[in-house]
Amino acid sequence: MKKILTLSALALMALTANAKDYTDQLSVSLAGNPLGTQESTISVDEQGDGKYTLSLNNFQLAGLGGVGNIRLENVDATSYGETIHLSTSQTIVITEGDDENVGSWLGPMLGDVPVSLNANINGDDLYAVIKINGFGGVDVVFGDGGFQIKNSGFEEFHTATYVYQDTPYSSDEPNAWHSFNSGIATGPLAALTETALLVGSTSISEDVRPGSTGTKSVLLQSGMVLGFQPANGTMTTGQMQAGSIVATDPANCAFLDFENEALDGNGDPFYTVLNGTPDSLAVWVKFKQGVLSEDNADYKYATVSAVLTDGTRYQDPEVDTLTYNNVVAKAQNAQIESNNSTWQRLSIPFDYDTYAANGADAKALLVTISTNAQPGVGSSDAANPDQLYVDDIELIYNNSLKSLNIKGTEIALTDGTYSYTLNGMSGELTLDDITAVADGQGAYVNISCEQGEFTLMSSDNTMSGTMVVITVTSNDLLNTKTYTVFVEGVTTGIEKVETTTPNGIKAIYTIDGRRVNSMDAKGIYVVRKTDGTTVKIIKK
């Protein structure tokens, strides 16, 4: 008996050692209406069977009272390199909390409540999205996640100052964004090129895009260097560098580098960390061009450029003689027209395919926005500068099915339709018989099956077969769509949910044919995508 008790104690200690508490900001919205943020703690326990238990205790709706304890057990987990992805949909009873400051708990009164969870664990960081089908719909977001650019509405600004010959030159720069007054001068002619850093091209504007909930935007204006050289109004999430007296020299650039230890006027680094793989960049702009010289009349476009990298040094524009194998994707529009100086919303897709062979991991985003797509081709009239207003920049993460094939039959997917039927099938249905391709570069695709008799809503007929349930969750975990396909006449041996890896990857193999979970080590990998294609990637 003593031996059994000792073993039980050791098992309990081992289980407890796998439990971890995460404390972070938790934001709550009710029926789509934000209720504010609060500091909360979520506990995550790793079960012995490879699954997890997640607990959010004493959960409250700000100003509306206590809800209770949310506990989700047997949560499926999938590892992607350093990230553990948790996903589940359950019906649970929210139990009463133990916070003595709360008079009553609403959760137990609801009875059975459907709850869904999507979460990522990265070391000491937890990012979780919990959706509760109660009280009209409660959405809970825990942690930041790093899927958007901070200060994306340009509501917060700091002062940037460049000191030239003991004279300060200052401007207002949006937090997380930077322009010339916070730049650096490099090269043998730095004493001359630094004059470009005296031009402050960003300022606070109250001209906001239609429908904005904010009160500010940022205004970029071109300027003149040394009184005669046009300088484009430019801002970047990286740092500006003046390295040449020739405007088109790529030594004049915006750059990011995780090894850059400098801080801006708000105490923030000159780079944006990004943990996601967005599908497009959306931004509102209003462009008014000043006066171009006759030689530059064709250069009438403003530009937005976003480059997703692994965080090592990258610059925009690139040096033609260098190879940038640290690029993951690019989203660029170098033909933004004035459009009668009215607000316009741009949607710019990211191109991943061109840079897939790099095998780089997405860790940082360099966004550069300028009043002209051509370096040094700004307005030649200092009294009538180029002006570009920018508001509400957003990274978009898709979560729809692009294609679906079951046992060789392509499903004709229709926008807004999420239920389908396949007739005339037979035999056994396996995971290899299902090819589900999402339109999101980093979307999570869950596939589960249930065999039995089902009553179809479209016909009220009871039929025997297998119900295939496919859930597509956006890479930022915020949005989910569920598709169901009833496959008549087939059986299935599928007993668990399969989650395909982000970036459309279904399986990863080493060059000698071994299947692995990630491409952490250097070498050559063969990647099989969810669309059935394969690509060879060299990890350097």
Side-chain angles (χ1 to χ4, degrees), residues 7-24 26 40-57 59 68-95 107 112-133 140-143 145 430-431 434 436 442-451 467-475 477 480 482 492-502 505-508 515-518 520:
L7 291 174
S8 298
L10 290 173
L12 181 60
M13 290 173 62
L15 183 60
T16 304
N18 288 329
K20 188 175 181 66
D21 289 341
Y22 300 87
T23 300
D24 210 323
L26 182 146
S40 299
T41 297
I42 290 181
S43 298
V44 179
D45 299 344
E46 184 178 357
Q47 301 174 184
D49 56 0
K51 297 188 177 185
Y52 286 75
T53 296
L54 182 142
S55 302
L56 172 58
N57 294 328
F59 173 56
N69 299 333
I70 300 172
R71 182 178 174 87
L72 299 169
E73 300 178 343
N74 300 314
V75 177
D76 291 301
T78 308
S79 295
Y80 307 115
E82 299 176 354
T83 300
I84 299 173
H85 177 65
L86 307 180
S87 178
T88 190
S89 292
Q90 303 181 15
T91 299
I92 66 170
V93 174
I94 300 176
T95 60
D112 293 339
V113 179
V115 177
S116 66
L117 163 75
N118 277 286
N120 285 338
I121 300 174
N122 289 285
D124 293 330
D125 295 322
L126 170 68
Y127 171 67
V129 178
I130 303 173
K131 295 181 180 291
I132 306 169
N133 189 13
V140 178
V141 179
F142 180 86
T430 68
L431 283 175
I434 305 172
Y444 297 88
V445 180
N446 289 358
I447 302 174
S448 63
C449 296
E450 181 182 352
Q451 181 180 328
M467 186 68 72
V468 180
V469 180
I470 302 164
T471 302
V472 184
T473 302
S474 58
N475 187 239
L477 309 186
T480 297
T482 300
T492 185
I494 303 173
E495 298 179 352
K496 68 178 183 70
V497 173
E498 180 188 70
T499 303
T500 62
T501 59
I505 296 175
K506 191 173 183 68
I508 304 172
R515 183 167 181 170
V516 294
N517 292 327
S518 62
D520 291 337

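Computed from heavy atoms alone, side chains included, the values below leave out hydrogens, waters and symmetry copies.
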Check whether H85 reaches the backbone of S79 with its side chain - one donor and one acceptor, N or O, closer than 3.5 Å. no

Side chain to side chain contact (heavy atoms under 4.5 Å, CB included) involving [X] - partner list, sequence neighbours excluded:
X: N133; answer: P114
X: V113; answer: L110, V115, I132
X: N57; answer: S55, N69

Taking the side chain as everything from C-beta on, heavy atoms only, tell me whether L117 gets closer than 4.5 Å to Q90. no

What pair of heavy atoms forms the shortest contact from [X] to [Y], and how long is it?
X: C449; Y: V468; value: SG-CG2, 4.0 Å
X: Y444; Y: S474; value: CD1-O, 4.1 Å
X: Y22; Y: F142; value: O-CZ, 3.3 Å

Can you list everything that forms a salt bridge (Lys or Arg N to Asp or Glu O under 4.0 Å) with E73? Sequence neighbours excluded, please. R71

Residues in salt bridge (Lys or Arg N to Asp or Glu O under 4.0 Å) with D124, at least two apart? K20

With sequence neighbours excluded, residues passing side-chain hydrogen bond (donor to acceptor under 3.5 Å, both in side chains) with S116: none

With respect to [X], which candidate in [options] satisfies the side chain to side chain contact (heavy atoms under 4.5 Å, CB included) definition?
X: K51; options: T88, L86, D76; value: D76
X: S40; options: L26, T23, D24, V140; value: L26
X: S87; options: T473, T480, L477, N446; value: N446

Separation of [Y] [atom2] from [X] [atom1] (nearest 0.5 Å):
X: I42; Y: L56; atom1: CD1; atom2: CG; result: 5.0 Å
X: I94; Y: I70; atom1: CD1; atom2: CD1; result: 5.0 Å
X: T53; Y: N74; atom1: OG1; atom2: CG; result: 6.5 Å
X: Y52; Y: I84; atom1: OH; atom2: CD1; result: 3.5 Å
X: N118; Y: Y127; atom1: CG; atom2: OH; result: 9.5 Å

